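Excluded from the calculations below are hydrogen atoms, water molecules and symmetry mates; all remaining heavy atoms, backbone and side chain alike, are included. Since the structure is predicted, the reported quantities are computational estimates derived from the model, not experimental observations.
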Amino acid sequence: MPEELPTSLLMFIASRAAISRVLEAVHAAGHDDVTVAQARLLMGVDPGGTRLSVLADRAQVAKQTATALVDKLERAGYVERVRDPADGRARLVRLTGRGEGLVPLARAEEARIEQEWAAHLGPRRTARLREALELLREVTDPYR
């Protein structure tokens, strides 16, 4: 009998599948220069911009790695570094117009994924899954 997988691994498998699909949609729309590592970093950029150290933490990479990823994203025109209005010495990473153009592509694919998963699970299980994940977020998301 196969070993039962831990819940955290099951969540990771579903998350990985969703991220792969979103990245495929972004590539299909002509943004094939975005890597998985860059996409993970882009997912952490807040609307007004985000400090590099926060992006590194959210993407679970070293600050040096985040810096290299942001450098490449900046050269490709997806992000820019701007002064932090709350602290003139600090810099924020902010999406450019090109970077903001990725958001509707990602959201559309996320909606398709949710529809497919809801069709597979049914409305009751989908609602319960979402409720459980929202409750888990209370104890797992330091950026809420």
Side-chain angles (χ1 to χ4, degrees), residues 2-87 90-123 125-144:
E3 181 182 339
E4 185 174 296
L5 296 177
T7 303
S8 59
L9 181 55
L10 293 170
M11 290 188 304
F12 170 76
I13 292 167
S15 175
R16 180 184 59 198
I19 290 168
S20 293
R21 290 249 326 252
V22 169
L23 193 56
E24 286 171 16
V26 166
H27 287 173
H31 300 277
D32 57 352
D33 55 343
V34 178
T35 67
V36 172
Q38 291 170 337
R40 286 183 63 195
L41 201 80
L42 285 168
M43 288 188 288
V45 178
D46 295 318
T50 309
R51 289 190 181 186
L52 187 67
S53 58
V54 173
L55 287 177
D57 189 46
R58 288 178 179 172
Q60 296 182 316
V61 298
K63 189 175 176 188
Q64 184 177 6
T65 301
T67 299
L69 292 169
V70 167
D71 287 346
K72 289 178 183 175
L73 288 166
E74 191 171 34
R75 282 194 300 274
Y78 292 108
V79 300
E80 62 186 350
R81 289 178 171 101
V82 296
R83 289 194 186 279
D84 184 342
D87 179 357
R91 309 279 284 172
L92 296 175
V93 176
R94 184 173 63 190
L95 295 177
T96 62
R98 185 171 192 219
E100 289 174 354
L102 299 176
V103 175
L105 299 170
R107 294 293 176 255
E109 188 60 27
E110 290 165 349
R112 282 189 288 277
I113 293 165
E114 285 201 30
Q115 288 173 350
E116 289 173 19
W117 290 3
H120 180 74
L121 294 174
R125 281 188 178 136
T126 300
R128 288 191 349 232
L129 173 63
R130 180 154 189 95
E131 179 185 7
L133 291 172
E134 288 287 347
L135 288 171
L136 278 175
R137 187 173 179 210
E138 293 173 6
V139 296
T140 60
D141 186 356
Y143 302 104
R144 289 190 70 190

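Summarising the geometry, atom OH belonging to Y78 is positioned 11.5 Å from atom CG belonging to L95; distances are rounded to the nearest 0.5 Å. For the atom pair CD (Q115) and CZ (R112), the distance works out to 8.5 Å, reported to the nearest 0.5 Å. Atom OG1 of T35 and atom CG of L73 lie 7.0 Å apart (nearest 0.5 Å). The CD atom of E100 sits 12.5 Å away from atom CG of L105, with the distance rounded to the nearest 0.5 Å. Between atom CG of residue L121 and atom CD of residue E114 there is a gap of 11.0 Å, rounded to the nearest 0.5 Å. For the atom pair CG of L52 and CG of L41, the computed distance is 7.5 Å after rounding to the nearest 0.5 Å.
Using a 4.5 Å cut-off on side-chain heavy atoms (C-beta onward), S20 and V36 make no contact. The shortest side-chain heavy-atom distance between Q64 and T67 does not fall under the 4.5 Å cut-off. Two residues are said to be in side-chain contact when any heavy atoms from C-beta on lie closer than 4.5 Å; V26 and E109 fail this criterion. Side-chain contact between L69 and R40 is absent, with no heavy-atom pair separated by less than 4.5 Å. Side-chain contact between V79 and L42: present, with at least one pair of heavy atoms (C-beta onward) separated by less than 4.5 Å.
Considering every non-hydrogen atom in both A14 and W117, the closest pair reads O-CH2, 3.4 Å. Scanning all heavy atoms of the two residues, the minimum distance from P85 to L92 falls at CD-CD1, 3.9 Å.
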Exercise for the section: Report the C-alpha distance between V22 and M43 in whole Å, list the side-chain angles of each, state the deciding distance to 0.1 Å, and finish with yes or no for side-chain contact (heavy atoms from CB on, under 4.5 Å). Expected result: CA-CA 11 Å; V22 169; M43 288 188 288; over 6 Å; no
Practice task
Please test E24 against R21 for salt bridge (charged side-chain N to carboxylate O under 4.0 Å, His left out), starting from the C-alpha separation and ending with a verdict.
Solution key: CA-CA 5 Å; E24 286 171 16; R21 290 249 326 252; 5.7 Å; no
Practice task
Verify salt bridge (charged side-chain N to carboxylate O under 4.0 Å, His left out) between D57 and R51, making sure each step is shown before the conclusion.
Solution key: CA-CA 10 Å; D57 189 46; R51 289 190 181 186; over 6 Å; no
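Looking at R81, its side chain never comes within 3.5 Å of a backbone N or O of E74 through a donor-acceptor pair. When atom types are taken as modelled, the side chain of T50 and the backbone of D46 share a donor-acceptor pair closer than 3.5 angstrom. The closest donor-acceptor contact from the side chain of H27 to the backbone of V34 lies under 3.5 Å. Under a 3.5 Å cut-off, the side chain of R58 and the backbone N or O of G44 do form a donor-acceptor pair.
Of the candidates E131, E138, R130, E134 forms a side-chain contact (heavy atoms from CB on, under 4.5 Å) with just one, namely R130. Applying salt bridge (charged side-chain N to carboxylate O under 4.0 Å, His left out) to D33 and the options R98, R75, K72 leaves one that passes, R98.
More than 12 non-hydrogen atoms from other residues, nucleotides or ligands lie less than 6.0 angstrom from CZ of R128.
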